[in-house]
Amino acid sequence: MDIGVISVRYARALLGSATKQGVEDQVCGEMQTLSESFLQVPQLRSAINNPMLQKSIKQHLLETACGGDVTDLTRKFISLVLKEDREGVLQFMASSYISLYRELKHITRGKLVTAVPVSPQTEDRIKGLVKGKTHGTVEFNTQTDPSLIGGFVLEYDTYRMDASVKTKLQKILKELIK
């Protein structure tokens with residue numbers, strides 16, 4: 001059983017149905033909440049994978065893990081997954097849905113790591129640069145890492161720009177060792 005293929009197929013079917021019904025944004029929010037629930041509550045996976053637990057209880061648990069008041073489509077999707085005994089792959093289905101959704105909506109995830117916090121104006125400028133390169137919407141995450149000493153590391157899609165003092169010092173050290 002190839003978990004990747006299965007999860008993408010289910011996620012693609014869910015996205016297709018959600019798009020037809022015009023609820024792809026709500027379903028994406030539910031899938032994000034579900035994915036976070038699996039990460040934050042490790043017992044959820046054990047409960048869902050427990051063969052002794054009734055499917056109706058699993059349905060309720062999963063709907064709650066999606067945020068409680070879920071769309072009819074998500075409710076039916078969870079029911080289908082349970083009926084087909086694919087609940088062990090549900091976390092991967094949620095992640096696949098989010099990836100496919102971002103691809104459909106041209107949403108790029110970016111991350112800026114700096115040694116010290118940056119101003120909102122600087123963050124907006126960098127976000128604008130990434131948006132100009134990707135020609136889509138940008139979900140941006142900013143973090144601070146004092147070990148960089150100075151400078152920044154910018155990542156989006158497969159692009160990575162490391163302009164940190166830490167990296168420059170490491171390069172100088174390598175050159176000196178040669």
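Side chain of Thr122 to main chain of Val118: no donor-acceptor pair is present (N/O by atom type, distance under 3.5 Å, no hydrogens or angles). Remark: the backbone N or O of Leu14 is not paired with any side-chain donor or acceptor of Ser17 at under 3.5 angstrom. A distance-only check finds no donor-acceptor pair linking the side chain of Ser35 to the backbone of Met31 [under 3.5 Å]. At least one donor-acceptor pair closer than 3.5 Å links the side chain of Gln59 to the backbone N or O of Arg75.
Of the charged side-chain nitrogens involved, none lies within less than 4.0 Å of a carboxylate oxygen, so that Lys127 and Asp124 do not count as a salt-bridged pair. With respect to the salt-bridge test (charged N to carboxylate O, under 4.0 angstrom), the residues Glu155 and Arg109 do not qualify. The pair Lys171-Asp162 does not count as a salt bridge, with every side-chain nitrogen at least 4.0 angstrom from each carboxylate oxygen.
Ring geometry for Tyr159 versus Tyr156: interplanar angle of 30 to 60°, hence tilted.
Annotation for Leu100 and Val8: closest pair CD1-O, 4.2 Å, computed over non-hydrogen atoms.
The shortest distance between side-chain heavy atoms of Met93 and Arg9 does not fall below 4.5 Å. For the pair Thr137/Lys131, no side-chain contact is recorded, criterion being any heavy-atom separation below 4.5 Å from C-beta on.
Side chain to side chain, Thr71 and Gln26 fail the donor-acceptor criterion of an N or O pair below 3.5 Å. Counted by atom type alone, Ser96 and Ser99 present zero donor-acceptor pairs between their side chains at under 3.5 Å.
To the nearest 0.5 angstrom, Lys58 atom NZ is 11.0 Å from Leu44 atom CG.
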